[in-house]
Amino acid sequence: MTNTDWRSDIESASRRLGERAGHFLRETPLWKLPAAALGVAAPGAEVWLKLEHMQVSGSFKARGMMNRLLANDIPAAGVIVASGGNAGIATAAAAKALGVPCQVFLPGVSPEAKRARLRALGAEVVVVGELYPDALAACLARQKETGALLTHAYDQPEVVAGAGTLGREIEAQGGLPDAVLVSVGGGGLIGGLAGWFEQRARVVALEPEKAPTLFRAREAGEPVDVDVGGIAADSLGARRIGAIAWEITQQQVRDALLLSDDAIRAAQQWLWKELKLAVEPAAALPLAALQTGAYVPREGEKVCLIICGANVDPATVA
């Protein structure tokens with residue numbers, strides 16, 4: 001991975017998805033607002049909201065999962081994935097679009113709304129253990145038995161490159177931002193974005209205090225297992241930062257910030273009450289970073305917030 005040309009891989013993923021994914025993927029909106037419109041005191045700063053929660057399957061994961069499936073031959077056993085929910089939904093949607101079987105392993109922490117969505121997409125759903133690592137272990141064991149194509153939620157090159165097409169799309173829509181604020185779980189999204197923007201934009205990693213995989217890895221100097229929990233555990237519940245994301249962020253990402261569950265919840269509610277955006281907690285971290293002052297934009301800075309997912313029961317948002 002050390003010599004990977006991520007920008008080239010992302011360009012290839014973009015071409016592959018454009019040529020073969022048909023109407024499966026959407027170009028999601030990019031809103032540009034003054035910082036004051038988001039309750040942020042940052043004179044002259046402009047905040048961009050990349051509304052990727054409007055993507056097919058309800059999250060950015062659709063890009064990486066479809067890229068993984070299109071880049072490989074799919075056996076008769078179909079595809080298999082372990083997920084907190086979003087990667088599974090994206091894989092199931094991609095598999096349905098391609099007409100192949102899909103099996104998804106979920107942890108007990110995954111909400112019923114995500115399970116129901118998977119079943120509606122025709123996936124076989126297996127609930128194992130409580131957290132993502134439990135589901136992953138069971139998934140890997142089953143994959144060895146069946147020979148199905150394994151789609152990893154965040155730690156495969158095609159998945160990371162697919163996620164990186166989001167950065168390419170942002171730049172094509174709005175130009176180059178000064179900073180990109182992005183939530184981190186296993187690291188597929190921040191890996192793809194940092195791989196695309198490199199040092200041309202400041203990519204900032206945001207994690208819940210109760211799921212600090214990248215933050216703790218940086219303290220230890222290497223990826224380590226951490227205890228995970230809290231409000232965003234269903235989406236950001238990886239116990240260890242992915243190997244690909246670790247390598248890319250070591251080279252390209254300077255800042256890793258932690259946010260409290262209270263701040264995340266407040267930002268999630270603000271997005272609904274003020275902008276009528278119903279998003280999952282993981283998608284609210286970038287706004288929480290601004291509203292709490294964890295990240296303070298410079299005067300005139302263009303800051304892009306990645307609103308990454310909307311697979312949430314709307315009744316829990318208000």
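Keep in mind that what you see is a predicted model, and the values were worked out from it rather than measured.
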Measure from the side-chain N and O atoms of Q199 to the backbone N and O of Q251, and report whether any donor-acceptor pair falls under 3.5 Å.
-> yes
Charged tip of K276 within 45° of W272 ring normal and under 6.0 Å | yes
Taking side chain as C-beta onward, heavy atoms only, is F197 less than 4.5 Å from R168?
-> no
Is there a side-chain contact between F60 and I306, using heavy atoms and a 4.5 Å cut-off?
-> no
Given side chains that start at C-beta, do those of V125 and V127 come closer than 4.5 Å, heavy atoms only?
-> yes
Within the side chain of Q291, is there an N or O that forms a donor-acceptor pair under 3.5 Å with the backbone of L38?
-> yes
Inspect the surroundings of NZ in K144 and state if more than 12 heavy atoms from other residues, nucleotides or ligands are less than 6.0 Å away.
-> no
Are the side chain of S14 and the backbone of I10 linked by a donor-acceptor contact shorter than 3.5 Å?
-> no
Exam field: side chain Q252 to backbone I248, donor-acceptor pair closer than 3.5 Å | no
Any side-chain heavy-atom pair of L271 and L287 under 4.5 Å = yes
Do the side chain of N311 and the main chain of S57 share a donor and acceptor less than 3.5 angstrom apart?
-> yes
Using salt bridge (charged side-chain N to carboxylate O under 4.0 Å, His left out) as the criterion, point out the one residue from R216, R240, R239 that pairs with D225.
-> R240
Would you confirm whether E207, through its side chain, and T213, through its main-chain N or O, come within 3.5 Å as a donor-acceptor pair?
-> yes
Between D155 (side chain) and I244 (backbone), is there a donor-acceptor pair under 3.5 Å?
-> yes
Hey, does E52 have a side-chain heavy atom less than 4.5 Å from the side chain of I307?
-> no
When you look at Q173 and K50, which way does the side-chain hydrogen bond (donor to acceptor under 3.5 Å, both in side chains) test go after all the steps?
-> CA-CA 10 Å; Q173 289 175 313; K50 180 56 173 169; 2.8 Å; yes
Shared hydrophobic cluster for L275 and V312 (ILVMFWY, side-chain gaps under 4.5 Å) | no
Beyond-backbone contact of M66 with L98, side-chain heavy atoms, under 4.5 angstrom | yes
Transitively linked via ILVMFWY side-chain contacts under 4.5 Å: V126 with V81?
-> no
Any donor-acceptor N/O pair, E27 side chain to E169 backbone, under 3.5 Å = no
Measure up the H152 and Y132 rings against each other and bin them: parallel (under 30°), tilted (30 to 60°), perpendicular (over 60°).
-> perpendicular
Note, R63 side chain near L166 side chain (heavy atom, < 4.5 Å) = yes
